[in-house]
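Take a look at the structure set out below.
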Amino acid sequence: MYHCLKLSFSLSNKNLAQKWLMQAQVSPQAWQFCWVLLRPEKVPEIQYFGASALHTKISRYWGDIPAEQYDTLKTQLFSQIAHFASGSKIVLTRLCVALASLALNMMPEAWPGAVSEMVRMFQEEGGEVDGRARCLALLELLTVLPEEFQTSRLPQYRKGQVRGALGREWTAVYPLLQQLLRQPDSPPLVKARVLKCLSSWVLLDVPLNESEGLVEASFTALADPELFDTAVEAIVNTISQPDSQRYVNTLLKLVPQVLQLQEQLRDAIQNGDMETSHGICRIAVSLGENHSRALLEQVEHWQSFLALVNMIMFCTGIPGHYPVNETTSSLTLTFWYTLQDDIMSFEAEKQAIYLQVYRPVYFQLVDVLLHKAQFPTDEEYASWSSDEKEQFRIYRVDVSDTLMYVYEMLGAELLSNLYDKLGRVLTNTEPTTTWQHTEALLYGFQSIAETIDVNYSDVIPGLIGLIPRININNVQLADTVMFTIGALAEWLADHPVMLSSVLPLVLQALGNPDLSVSSVSTLKKICRECKYDLPPYAANIVAVSQEVLIKQIHKTSQCMWLMQALGFLLSALPVEEILRNLHSLITPYIQQLEKLAGETPNPSNKLAIIHILGLLSNLFTTLDITKQEEESGENAPPIKSAPPQTGPNPVVVVLQQVFALIQTVLSKWLNDSQVVEAVCAIFEKSVKTLLHDFAPMVSQLSEMLGQMYSTIPQASALDLTRQMVHIFASETNNFPPIKALFELVTSVTLTIFQQGPRDHPDIVDSFMQLQAQVCFWFLISFTLGFSLLFRCPFLSHFSSLLSCTELIPRCADIPPVGQVVQENGKLLLLAVLEAIGGQSSRSVMDQFAEVLFCLNKHCFALLTVWLKEALRSPGFPSSRVSNEQKDTFSQQVLRERVNKRRVKDIVKEFTLVCRGLHGTEYAADY
């Protein structure tokens, strides 16, 4: 107990101390105590705080420093850096950052030639600091200077000036770095710092030809294991700069240097040195990816660029399985996109020449990618961790995307190529062929067919014929077979005679829990695309589906997909058959639901109820007897459609039969939002699917919704109400129940808002969406709802603000709207001003500004009076604003009736004043 109290006390003290230290850093006294904290007798942690305080004051409160103190501050910092050159590294770095910030704020006027002076100061002999320590301190300062520039808070116009000044200082930095990097006796640590410094400076867009010598020296440094990583970063950062593509001659010199790394790359792969192989591939890919077009255009050097492309191909096909044996091949994929885009962007004649060279390269790439996508042996794959398996899955998706993209260049010949290889594999009697090879080829087909229209391809019939010949003895292979069939669902819809070849495979896989996702999703695609060709198979599909549902083979999400598949399937049948199948399909669930409805509520039967309700809602989502396929064109074959349907909609028939049961379930579970949400989902999805065919149920559903919402208001009931209003409010027969429902939920919601809306954010959100969607004439019919809309913006809800800005412009031409604006507009203004005063997040100030602009444009006379009355109240909208500031704000707003952007700026400025943030660092980020 004592230990816990002590720990709590120490944590509390630590938090208080941290808060005090943060306040101390920004205090005026920081200028005095920071130098005291840097004294030699202090421990490094205190010295670090002193250095950080200096940096904070210089970078954020530069305006507090008198100009006559600039040189003194500069001298003090130089002195401290010289002292700490042999001291604590973290303190030295912080002091260097402080001096860098000082330099950036003084450049170029107050400190011209700042970098040159830094170099000169640290090169001078004297003092107690040895040359090596001074050299490292200078390199640290030169390294942090560009980094500090990237994160500095300089105004935009100053950033341009300072960037130009820094660029001109490169002439002082380059010779120093060149000398240190090429000097034989330079210690590895110094060379590493030089390379890091180069990486930092190239971010300032140093011209590539002006750093050419350093880049060459960086390539030489790759041979030193101690310098390898920093050399890679320096080279990659240098050649990745966007501006470097202008320096084609320098780029051409870099290509042979990259090609010379191939021997080192092969040695690294042979020795299992993944870091070295990864670094070299990064360099090759960076050069190729960033400059492929520039290098392609150098026709006389086409062979050297092709050699670079082949080197990147080698990196793509690097031996081993990703991500266990290698992590490099994924780096290369974007390069192939870039190269293809550049080739295809040339004019036709030039493009044809490049395609002669690079089409064979891309066919080779397909082979390499499919090899890389192959699964390892079963034993090896079983030894992988779940994280490794997931990374491999994502890698295969990336390979799939690349194959799909490559198809744009290679076209139908790619499919023929894959088909020929698959045919040879499946007809090969030798046992050398593995299932992995077959799976990879199918994966290639799947990748293309998922996103590319393959209906014209003459190899797909052959592929469909080959699939039943595959010896499926592995889960991964079976999965890919399923996904491939699913990818060809649209093709099957145009060639229904082939359904008999693949449908038995899908139905068989449906009973295997290991193939749950692939088999169910494939059946769903087939039922969606081919539903008018499936009636001969319907009985078998329903029977198999019922069996797997009863046996609970699949997880919840797959059960829902399966119900959606059955909805598509049944939609194409005559009504009598639909009703017969529905009775067979859902009767067991209705019986189970009746049993559960009679039980005392508990967590177990809650899950079962939600599951059954979910099955019904997913079935009704896709069961649509009115929907027909759209004709694809004038010369298209006749549309396949369901036979003419007569009588009530089957979904309505079923819902009417189970309505009383659903009410019974609700009576016991009304206080459980998840069950209520599941009930509402059944009707909401049915309404969305059936639209006006749902009309027979509008009256009883409206009554049930009203009772639900009156008893325990829940957001899901409002969402369903929104759907009902959207579809049925314009129908004369359904208008009375919809009107009664809308009035009821509005009245109940108003009561909730009066009691405390912030306790019910979900209801607020759903109600505002309901209000935003309701038609003008419908809102006008119910002053209560319309008035409420104007009283809600204090909730900072985007939907309510949007509704206000849509409705206010109608106040002149629609009298009821004008009346409500006149009666409630001041409430709206008060809510907006309260939000601007600090009651709402600054992120939504633009929306409040739009309301002000709208009122000013359409209700100027009223706004003039309301603003004067509202801002007269002391301390409103904030105690931080004076009467003069409020008058200025009012005048500025009323003056702007055209420029909305200006009103937004006025509101942003005023809200900062109200919050006491005007002129602070937070305001700079706003």
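Each residue takes its place number in the sequence, starting with 1. Given the structure is predicted, the values throughout are model-derived calculations rather than measurements. The analysis underlying the following values was restricted to heavy atoms, covering all of them including side chains, and did not include hydrogens, waters or symmetry mates.
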Side chain R158, main chain N105, donor-acceptor under 3.5 Å: yes
S879 side chain to G875 backbone, donor-acceptor under 3.5 Å: no
Pairwise side-chain contact, L867 with L833, heavy-atom cut-off 4.5 Å (strictly under): yes
Validation row: R902, F853 side chains within 4.5 angstrom (heavy atoms): no
Euclidean distance, L770 CG relative to I763 CD1, rounded to 0.5 Å: 12.5 Å
Full working for side chain to side chain contact (heavy atoms under 4.5 Å, CB included) between Q714 and E677: CA-CA 8 Å; Q714 298 198 30; E677 190 174 330; over 6 Å; no
Donor-acceptor contact below 3.5 Å, side chain Q723 vs main chain K688: no
Gap separating the NZ atom of K904 from the CG atom of D846, nearest 0.5 angstrom: 4.5 Å
Any Q892 side-chain heavy atom under 4.5 Å of V903 side chain: no
N856 side-chain N/O to E896 backbone N/O, donor-acceptor pair under 3.5 Å: yes
Note, L705 side chain near L744 side chain (heavy atom, < 4.5 Å): no
Step-by-step side chain to side chain contact (heavy atoms under 4.5 Å, CB included) determination, W669 to V679: CA-CA 10 Å; W669 291 92; V679 168; over 6 Å; no
Atom CD of Q822: over 12 foreign heavy atoms under 6.0 Å: no
Test item: I906 and L852 side chains (from C-beta on) under 4.5 Å apart, heavy atoms: no
Over all atoms of both residues, closest heavy-atom pair of F767 and V745: CE1-O, 4.4 Å
Backbone of V907 reached by a side-chain donor or acceptor of T911 within 3.5 Å: no
From M708 atom CE to Q663 atom CD, the distance as rounded to the nearest 0.5 Å: 10.5 Å
Close side-chain approach of S152 to S59, heavy-atom, < 4.5 Å: no
NZ (K857) with more than 12 external heavy atoms under 6.0 Å: no
Side-chain heavy atoms of F910 within contact of P877, under 4.5 Å: yes
is_close_aromatic(F149, W201), centroid dist under 6.0 Å: no
Charged N-O contact under 4.0 Å between K74 and D71: yes
Where L203 and Q241 come nearest, the two heavy atoms and their spacing: CD2-NE2, 3.8 Å
Plane angle bin for F659 and F683 - parallel if under 30°, tilted between 30 and 60°, otherwise perpendicular: perpendicular
Short side-chain to backbone donor-acceptor contact, E731 and F728, under 3.5 Å: no
Exam field: side chain S747 to backbone E743, donor-acceptor pair closer than 3.5 Å: no
Closest contact, heavy atoms only, G837 versus C914: O-CB, 3.6 Å
CD1-CG distance between I58 and D64, expressed to the nearest 0.5 angstrom: 12.0 Å
Test log, rule side chain to side chain contact (heavy atoms under 4.5 Å, CB included), inputs Q700 and M697: CA-CA 6 Å; Q700 60 188 135; M697 294 206 64; 3.8 Å; yes
L829 side, atom CG; E869 side, atom CD - distance, nearest 0.5 Å: 10.0 Å
Side chain to side chain contact (heavy atoms under 4.5 Å, CB included) between I752 and V764, intermediate numbers included: CA-CA 9 Å; I752 294 171; V764 171; over 6 Å; no
Minimal non-hydrogen separation, C34 against G50, with atom names: CB-O, 3.5 Å
Heavy-atom side-chain contact between W866 and K826 under 4.5 Å: yes
H55 NE2 to E148 CD distance, which is reported to the nearest 0.5 Å: 3.5 Å
Shortest non-hydrogen contact from Q69 toward I65: CB-CG2, 4.4 Å
Aromatic Y61 / basic K57 pairing, under 6.0 angstrom, 45° off normal: yes
Given L690, T689, L691, the one that forms side chain to side chain contact (heavy atoms under 4.5 Å, CB included) with D693: L690
Parallel, tilted or perpendicular, as decided by the 30° and 60° cut-offs, for the rings of W62 and Y70: parallel
Side-chain donor/acceptor of S101 to backbone N/O of V97, under 3.5 Å: no
S890 side chain vs K886 backbone, donor-acceptor pair below 3.5 Å: no
Shortest non-hydrogen contact from R915 toward A835: NH2-O, 3.5 Å
